[in-house]
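Worksheet: the structure to be examined is printed underneath.
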Amino acid sequence: MEKQYASIKDYGYRDFTKLNKIYSIIKKLLVILIVLGLYLSIIVIAIQSLNESRNLSSFTRLSFQWYLNIVREQELMNAIKNTFLVSSIATVLATFLGTFFAIGLYALSKKSRVLWMLLNNVPILNADIVTGFSLMLMFRLLMVVFPNIFGLFTLVMAHLFFTMPFVILSVMPKLKETDPNLMDAALDLGIKPYKALIKVVIPAIKAGIFSGMLLALTMSIDDFVISYFNTGSGFDNLSIWIYAVIGRRNLTPSVYAFSTLLTLFTMIGLLTYQFLQRQKKGKNNEKNSTSSVSSQS
Amino acid sequence: MNKEFRVLSRPYMVWLSVLVFFPILAMIFIGFSNLDSSVSIGEISLSFSHLNILTQSSTIIAFRNSLIFALATTFICFIFGYFIAYEIKLSKFKNKFVLLTLVILPMWSNLILRTESLANIMSENNILKSLLGFNIFGNIAGTWMAVLFGLVFTYMPFMILSVYTALEKIDFALEEAALDLGLTPLKKFWKVVFPLSLKGVVTGSIMVFLPTLAGFAIPKILSRGQIVFIGNIIDNKFIYTNYNHGALLAVVILIFILGSILLITKFDKEGETLL
Amino acid sequence: MENKKALIELKNISKSYDDELVVKNVDLTIYENEFLTLLGPSGCGKTTILRMIAGFIKPEEGEIIINAKVFNDLPPYARPIHTVFQKYALFPHLNVIDNVAFGLNNRTWNYLENFYGKAKIESEIKELSKHKPISVKKAIKNLIYKDSLQALKLVKLEGFISRKVDQLSGGQQQRVALARALVNKPQILLLDEPLAALDLKLRQNMQYELKEMQRNLGITFLFVTHDQEEAMTMSDRIVVMKEGVIQQLGSPKSIYNEPINRYVANFIGETNIIKGTYIKKDLVNFLDVDFKCMGYKFAEGEKVDVVIRPEDFDVVDLEKAKLVGEVVFSLFKGVHNEYEVKVGMEKLLVHTYESYEVGQPIGLTIDPYEIHMMKVDDSEQGV
Amino acid sequence: MKKIVLVAFLLSLSFVLVACNSKPKLRILNWGEYINDEVVEKFEKEYGIDIVISVADSNELFYSKIKSKTTAFDIVIPSDYMIEKMVEENMLLQLDYSLLPNRSLVTYMDGVNQIFASMTETTFARSGLNINYNNYAVPYFWGTFGIIYNNRVEGLEEALEEHGWAVYFEPNNYFSSARRGMYAVPQFAYASAMMYLGNNPNEYNSALLAQTKTVLQNSNFVEWGNDTLKRNIEANNLDMAFTYTGDYLDRLYIQLSEGKTLEEVRATFDIYIPDTTMVFIDSMVIPNTAKNIEGAHQFINFLLDPENAALNAEVVGYAVAFEEAFDIILSYLNSEDIEMKNWATANSIYYNMEIERTYYPLTSLQPSIIDSISTMIDQVRTG
């Protein structure tokens, strides 16, 4: 008996196999174009950093001098140092405090939790200029008691104000996903509540904490407006410095070099992370393959 | 969660209440009083005279510009951002975290540097032209296209992240169920995936819309100062220490922000998809 | 069975994940109007087979033939098959009736016209046009609504049409999922452990209802489970699987009584497997006693495994007994008593209504037709 | 736990970093890249004082930083009109000339003295106060404004030399296709239009405002920028722009340092300084919130040394304020070092003090007037 093949048309559908091929090519092209769009400015910055000339509008010759120059630019180095100091302190504090605040908010009744999560959105969505200016007014009041408050302290505080909500937002969904009995099980085993929190709950929401930290760092490292109003004592971060310098004078191409390095190092870090993960997984697979049959769902 | 932990949220409640309400009240107060650098405490009084700024033709046009560009940017970001988020979800690459980090990585570079470099290559004679021999953008510096391009590709990561978060939460079995019930992949997308990701679209849209509406650096640099946004006017008011007008305009922006927050709560009760 | 029409034929199907073969050269024919169960522990490949039939994954080798046509390359949406998912997969953005009508609502008009037939649509138009004239589309929409309502009635949920699905209990969700599949009038319904998430009582009720529904609707049910009792209760035929290979295919009774190997014997309920020797036709020796048996053919003197279900022992007076043992453990199980009886070095599981105390001697006999024998297979070490 | 340790570590690290510098500090609020690092190092070494520099990009930001008192700066370097405003609002300390012995080593240039006199005049006219600004400020750099233009446009140079402002402000009559750019500071735009109209740029009334508005509207500016103006002209993306003369020199030095000759650069882009033009002077002042008043005087005194002033000018494109320092620069005219020679030549061309010009320093206008001007500019820009 001859084999009969079912065709998709018999069941009232048109056959788009050919169109699908074209579509998938268009799709790939579009992805490439959009990613290029996202990275276009980064690529241009990289090209500028490799240009021997300070002239931004024409490429003369390939040169790495601006990379070597980074350490020699005192003001730039100072700005970089300040940026890292402020952003790392703010990020670590925001992650640490934000996690515990999120746990606290999660423990509230649903009604008041919704209310506080609503307020939590305000610093995220508020216009930078409004936040920055009004925080400055706040800190001015404190100056009566602490005259030298402006500088690192106010900067970190301001950064905490707009980064912490991101951490809370990332941690909250993960808290909801955790098994409500997790905590009880730990308490049942005779562990004190706060110890149980650290030993049981925190590991369960690790992924949320980490992505919150990443967001906090992203927001903090590129902030200009809020930092601008709340800095003091010469504690300018990179954004403030760039803005002031670019406004009237020439920016040293070393800034582009630094920016490119930052992107490159992050990318290399990510790729290494990915590579290590894969290796680890590969090893696990080898170990397991003899003993377990992989689930098919 | 253990009720005992409620105490952990107390400091944050105090912190939020003070830092959210005080600034807003301060803004409103400055906007509606005669307070400026030359007025002493005793002379402060209520004043509505600053309201005239709202009827200036420049203010109205700037507002119009901001709104139109914010809406257009949000829409384009939605189309492209959704597309990318969906492709990330479909991608066979296991470690989605790495992909998402790559999406936000450009944001680690300084916004002004990025925008300036875009402005550079949008001009007639630029560094890419000197390398490639041709101009990839033509000469769009200073036009609305330049501004739109800059806004879209600066804020798209917000859209991608929000939409992806929502997409990721959709149970794959639902998609299989739709196919099983006779829906073609395209129909499955419109009838199941898209409605279920709407939360993320709303949040992402707001995350794009608000900074575009209130921002000033990108239009200033990319329009070469020719397209004025409301943010530019506010910025100038603050620079020239006209805090009353600045605050008043900021209050108007604030109304948009509060509206957006309400919208978010309507769609997404506990802000789950806000990044 | 033989005169029934074959609906689905799997021919030499294989599938692997990460270089690991999870379905190995499976051949299976599923007939019209039967309740077939794929039974096996998790990871045995039963869900993979189901998903290949549904079209979610493609076999690497072999053919899936439905209604005498090869379906390998057809996407799931073009197959006349519907699935009830393990966790139901109800659409959270739709209410109950919209969930049920979802499949039909999203079909093309052409499909729907064929689905309902001209006559039915016309009579619907006639009926509805009494008040005001309506279009074909409107009539079809109306039919879909009616059908969905009917399907909900079938699963006894007609009172819940506008509920949100997250406001339903697990059992109700399961019924909605069933109605959502049935409303499309599929030829074959695939059920992927649909009862696993329900509690015991509900599960037993649903088992009964599912069987009833299958009988009344005349649809082929392909059911996947790891629960042998569930399989026994509902199925016309059972396929016992292990590591991607079909071990035995047959009616519940034949699988229960005549397991083909230790694996099947152990997987299908409690059993005693005793080493024995086939002496000659109708005579087997085990526990140092010769027993009469019937219907088996082995080489004379061949070692065999003898299978005796606990309830197949007859408890008799000691003098009449062929085997005499000592009760070493007893458990009251409601209807019957379960004893562990030590005969020589072997421990046997015995079910009986009689009462014995631990330490008491007990006499056992076995009817010849209750003695089942299998080839000795050392690799089969039970579940 | 690890995180707690990390936080503690980072916090303590930050305190150490902040506290470890026990050397006295001098906080300077400056424009970006407006000081030679060598000067800073030299001063730090000589006096054992650490200099901390903050930067801002407008006089108004200087003002708000001092006014808000968020940081106690010891030295600020604002422009003329802002110094007027600061003095009137009592924000500055009087200089103690007994601590500035180097004052006797230098003679202020004529232009500088003119500006100081003009400041006194406008202040008197506005508020009736008779203030000698020498008591508050020591000049840092000064310079003129001009029209930077693209010399690749045929005939533009000659037209500018002949018709001055009109070429820039009358696109209908001259070079209608030329791309014109304006400095995005409202008062600069207003002042330039006022000078074109033949008025004193510091005058203001509503009729003049309307007139300037028309002038600016008719000019069809394609760019409202700041430092981007000079870069775009250099790159042939713009043809004319009103800007600081120093901005031009800044680009010139960069081109020279990359091996171009002065003639080559001037052939691509150049600056035209009108006979009537704006001038500015940036001066060092000590705000009354200063902590290290002694150090501030030491620094001012240090920069009153012509050698140091000339050294500072090496990287900054503006004109030195002291004749003695200018002489040092001009002494390089015959230097072997090509870079130094070019630098001296550029100074002699663009800061040629022989040419008779009318210089207008901007004055501090009332907030309400500034507001009207910025609103007018906003209206021009929004079309």
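In what follows, chains are A, B, ... by sequence order, proteins preceding strands, each numbered from 1.
Of all the listed residues (B/I121, B/N125, B/V7), the one sharing the greatest number of non-hydrogen pairs under 4.5 Å with chain A is B/I121. Contact count versus chain B (heavy atoms, under 4.5 Å) is highest, among A/G37, A/P123, A/A102, for A/G37. Contacts with chain A were tallied for B/G150, B/G182, B/S17; B/G182 has the most, counting heavy-atom pairs under 4.5 Å. Top candidate by heavy-atom pairs under 4.5 Å with chain A, chosen from B/L118, B/N95, B/L262, B/T184, is B/N95. Heavy-atom pairs under 4.5 Å with chain A were tallied for B/L131, B/V251, B/V152; the largest tally goes to B/L131. Counting heavy-atom pairs closer than 4.5 Å to chain A, the top-ranked of the candidates B/L25, B/V18, B/N126 is B/N126.
Atom NZ of B/K96 is surrounded by more than 12 heavy atoms from other residues, nucleotides or ligands within 6.0 Å. Atom CZ of B/F93 has more than 12 neighbouring heavy atoms from other residues, nucleotides or ligands inside a 6.0 Å radius. Counted within 6.0 Å of CZ on A/F210, heavy atoms from surrounding residues, nucleotides or ligands total 12 or fewer; the atom is thus considered open.
Residue A/L217 touches chain B through its side chain alone, counting heavy-atom pairs closer than 4.5 Å. Heavy atoms of A/D223 lying under 4.5 Å from chain B are absent altogether. Only the side chain of A/I168 comes within less than 4.5 Å of a heavy atom of chain B; its backbone N, CA, C and O stay farther away. Heavy atoms closer than 4.5 Å to chain B are found in both the backbone and the side chain of A/S109.
B/S117 and A/S41 share no side-chain donor-acceptor pair at under 3.5 Å.
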Report task. Take B/E87 and A/L30 through the test side-chain contact (heavy atoms from CB on, under 4.5 Å) and record every step on the way to the result. Result -> CA-CA 11 Å; B/E87 287 299 310; A/L30 199 55; over 6 Å; no
Query raised in the report: A/L38 and B/I160: side-chain contact (heavy atoms from CB on, under 4.5 Å), yes or no, with the steps?
Result: CA-CA 12 Å; A/L38 285 171; B/I160 297 176; 4.3 Å; yes
Query raised in the report: Can A/L40 and B/F153 be said to form a side-chain contact (heavy atoms from CB on, under 4.5 Å), step by step?
Result: CA-CA 9 Å; A/L40 185 60; B/F153 284 102; over 6 Å; no
Pairs of donor and acceptor atoms involving the side chains of residues 99-108 of chain B, under 3.5 Å and at least two apart or interchain, shall be tabulated with distances.
unit_1: B/T101; atom_1: OG1; unit_2: B/F97; atom_2: O; d: 2.7
unit_1: B/W108; atom_1: NE1; unit_2: A/T218; atom_2: OG1; d: 2.9

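Using a 4.5 Å heavy-atom cut-off against chain A, the contacting residues of residues 252-260 of chain B are B/I253, B/L254, B/I257.
Between B/N110 atom CG and A/I221 atom CD1 the span is 10.5 Å, to the nearest 0.5 Å. Within the model, atoms CG of B/L111 and CZ of A/F224 stand 10.0 Å from one another, a figure rounded to the nearest 0.5 Å. Once rounded to the nearest 0.5 Å, the distance linking CG of B/L8 with CZ of A/F101 reads 8.0 Å. Atoms CG and OG, from A/L108 and B/S9 in turn, are 4.0 Å apart once rounded to the nearest 0.5 Å. Interatomic distance, CZ of B/F83 versus NZ of A/K27, reported as 6.5 Å (0.5 Å rounding). If you take CE on B/M13 and CG on A/L119, they are separated by 10.0 Å, rounding to the nearest 0.5 Å.
In this structure, the salt bridge (charged side-chain N to carboxylate O under 4.0 Å, His left out) partners of A/D222, at least two apart in sequence or on a different chain, are B/R114. Annotation: salt bridge (charged side-chain N to carboxylate O under 4.0 Å, His left out) contacts of B/K237 (sequence neighbours excluded): D/D371.
Among all heavy-atom pairs drawn from B/W15 and A/M157, the shortest one is CH2-O, 3.7 Å.
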